[in-house]
A.B. asks: 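Attaching a single structure in structure tokens format; questions to follow.
Protein chains get the first letters and strands the later ones, always in sequence-line order, with residue 1 at the start of each.
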2 protein chains.
Amino acid sequence: MATKNNSSNPALQTVVPEVVIQRLPLYVRVLSQFSNSGHDVISSEQLGQQLQMTPAQIRKDLSYFGRFGKQGRGYDIAMLERQLRTILGLDRTWNVAVIGMGRLGRAVVSYPGFAPEGFKIVSAFDSDDKIIGMDVSGLVVQSTASLAATVKKLDIKIGIVTVPIAHAQSVIDSLVKAGIKSILNYAPLSPQVPSGVMVRGVDPVLSLQSMTYYIR
Amino acid sequence: MATKNNSSNPALQTVVPEVVIQRLPLYVRVLSQFSNSGHDVISSEQLGQQLQMTPAQIRKDLSYFGRFGKQGRGYDIAMLERQLRTILGLDRTWNVAVIGMGRLGRAVVSYPGFAPEGFKIVSAFDSDDKIIGMDVSGLVVQSTASLAATVKKLDIKIGIVTVPIAHAQSVIDSLVKAGIKSILNYAPLSPQVPSGVMVRGVDPVLSLQSMTYYIR
DNA sequence: GTTTGTGAAGGATTTCACAGCA
DNA sequence: TGCTGTGAAATCCTTCACAAAC
């Protein structure tokens, strides 16, 4: 029951570059915004203008997965969005655990942007006895000791790390040991993880630090 | 008093790829963490191991800017960190404005990670009369009407956008008109900006949405 | 007429591999 | 001996340009 197993499509025999995968959510985002404003067809030209990229790149990216457009017309917005969501695995709900219930962790748990996209924060952890048992946006904060059991019980595949930098590596080790395969890391370090586990960092400071190069 | 004007270094006649610039802050971060743990020399091998990248890439990246290492020994940590900070323009303080004082904006203004890196949030804006005048972490929230004047008066070069998506493009237009050249955008859209203005997005949902591809 | 999908070309980035220096 | 700095090679990614489809 693979999402796509179309071995008649030569592109699928090739591994899709990671940069391409990272752009697909951008396409999804624009498509969803366009359909909300009443359009139902979009060309690679229009898509490219929105995202400040070339139409050719968009067409090439999409061609890794199939033929979604109609010549002379463009792409059916609703259909393309649905297809991309399926490719990305967004046609379902993902249970997520957040570890670290300090200021940042509480902001993450309360952030209203995850749920509408299918990322459901189903448990919250901390190692501090003063925080364990507290209610954060409807979740009871659990001890990190119960991490592995909860991850298994709720079939959690994604972890979000919001602990202070000093604890981040060991929390990430625990997530890996618990079987988590995708980690969103808010701590300002590059953690070590075994291959097969993917980490993406969220660090606004890094973004600022590279932009200053261009205005200094 | 240019940072580096070494025209005897051929690398500096070439434009430095943006991906390289984006990696420099990672190097700075690791160097700072290494020096805090008592080391004073580091090799490209060690640096690469921390960051999960090849030593050759690190050496090549650094070679765009000069010759910082010693053969047989490695890099002096404190010296390299200082050099990279200078290259990136981090050897000074940057005044920053945050626009949008809802839940997210207040979290950004209160986030303790910016100031130690030299990003000083000096003013906060909102367009809602119920929020204007409020105190947020020691700043009085100003009307967006006063944006241009404040940007000029405080020599603000960096803006952080934390308004709802519906207002984001027009807020970004105002920032551009006010002369801001670097924008950190938390709103989930890809804004249109004229060339010469740089925008980086912070969107944890996009990061999650590309990771699911690999675990679906 | 318009716009896709895609080989081929071109460009950019990464890695190799080794001379040169400490 | 150990590690950097760097041309050259290899790889990866983007753009071109056009036949095919609507």
A.B. asks: Could you walk me through whether B/D91 and B/R85 pass the salt bridge (Lys or Arg N to Asp or Glu O under 4.0 Å) test, one step at a time?
C.D. replies: CA-CA 6 Å; B/D91 54 350; B/R85 286 191 183 272; over 6 Å; no
A.B. asks: With sequence neighbours left out, what residues match B/S210 under side-chain hydrogen bond (donor to acceptor under 3.5 Å, both in side chains)?
C.D. replies: A/R200
A.B. asks: Could you tell me how far apart A/F68 (CZ) and C/dG5 (P) are, to the nearest whole angstrom?
C.D. replies: 8 Å
A.B. asks: To the nearest Å, how far apart are A/I77 CD1 and C/dT4 P?
C.D. replies: 12 Å
A.B. asks: Any N/O pairs under 3.5 Å between the protein and nucleotides 19-22 of chain D? List them or say none.
C.D. replies:
from	atom 1	to	atom 2	distance (Å)
D/dA21	O4'	A/Q71	NE2	3.0

A.B. asks: Do any N or O atoms from the side chain of A/T86 and from the backbone of A/R82 form a donor-acceptor pair under 3.5 angstrom?
C.D. replies: yes
A.B. asks: Under 4.0 Å from any atom of DNA chain C, heavy atoms only: list the residues of residues 25-34 of chain B that qualify, in numerical order.
C.D. replies: none
A.B. asks: Can you give me the bend angle of the helix from C/dG1-D/dC22 to C/dA22-D/dT1? Use the axis through the first five pairs and the one through the last five, nearest 10 degrees.
C.D. replies: 10°
A.B. asks: May I ask you to evaluate whether A/Y75 reaches the phosphate of C/dT2, defined as a side-chain N or O under 4.0 Å from OP1 or OP2?
C.D. replies: no
A.B. asks: Rounded to the nearest Å, what distance is computed from the CD1 atom of residue B/I58 to the C1' atom of nucleotide C/dC16?
C.D. replies: 16 Å
A.B. asks: Applying salt bridge (Lys or Arg N to Asp or Glu O under 4.0 Å), can you list everything that pairs with A/R29, at least two apart in sequence or on another chain?
C.D. replies: B/D203
A.B. asks: Give each protein N/O atom lying under 3.5 Å from an N/O atom of nucleotides 12-15 of chain C, with the pair distance.
C.D. replies:
from	atom 1	to	atom 2	distance (Å)
C/dT14	OP1	B/R23	NH1	3.0
C/dT14	OP1	B/Q57	NE2	3.2
C/dT14	OP2	B/R23	NH2	2.8
C/dT14	OP2	B/Q57	NE2	3.3
C/dT14	O5'	B/Q57	NE2	3.0
C/dT15	OP2	B/T54	OG1	2.9

A.B. asks: Whole-Å distance between C/dT2 C1' and A/Q46 CD?
C.D. replies: 12 Å
A.B. asks: Just distance, no hydrogens or angles: give the donor-acceptor pairs under 3.5 Å from side chains in residues 48-59 of chain B, sequence neighbours left out.
C.D. replies:
from	atom 1	to	atom 2	distance (Å)
B/T54	OG1	B/Q57	N	3.2
B/R59	NH1	B/S44	OG	3.1

A.B. asks: With sequence neighbours excluded, tell me which residues meet side chain to side chain contact (heavy atoms under 4.5 Å, CB included) with A/K120.
C.D. replies: A/T93, A/N95, A/V122
A.B. asks: Any side chain to side chain donor-acceptor pair (under 3.5 Å) pairs touching residues 159-169 of chain B, not counting sequence neighbours?
C.D. replies: B/Q169-B/D173
A.B. asks: Pair up each side-chain donor or acceptor in residues 150-158 of chain A with any protein partner under 3.5 Å, not counting sequence neighbours, and list the distances.
C.D. replies:
from	atom 1	to	atom 2	distance (Å)
A/T150	OG1	A/Q142	OE1	3.0
A/T150	OG1	A/S146	O	3.0
A/D155	OD1	A/K157	NZ	2.5

A.B. asks: OP1 or OP2 of D/dC3 sitting under 4.0 Å from any side-chain N/O of B/S43?
C.D. replies: no
A.B. asks: Would a distance-only check, ignoring hydrogens and angles, find a side-chain to backbone donor-acceptor pair under 3.5 Å from A/D76 to A/L80?
C.D. replies: no
A.B. asks: Tell me if a side-chain donor or acceptor on B/W94 pairs with a main-chain N or O of B/G89 at a distance below 3.5 Å.
C.D. replies: yes
A.B. asks: For residues 107-114 of chain B, which side-chain N or O atoms pair as donor and acceptor with protein atoms under 3.5 Å away, sequence neighbours left out?
C.D. replies:
from	atom 1	to	atom 2	distance (Å)
B/S110	OG	B/R106	O	2.7
B/S110	OG	B/S137	OG	3.1

A.B. asks: For B/R59 and C/dC16, give me the distance from atom CZ to atom P, rounded to whole Å.
C.D. replies: 11 Å
A.B. asks: What residues form a side-chain hydrogen bond (donor to acceptor under 3.5 Å, both in side chains) with B/S174, not counting sequence neighbours?
C.D. replies: none
A.B. asks: For A/R216 and B/L88, indicate whether the former's side chain and the latter's backbone hold a donor-acceptor pair under 3.5 Å.
C.D. replies: no
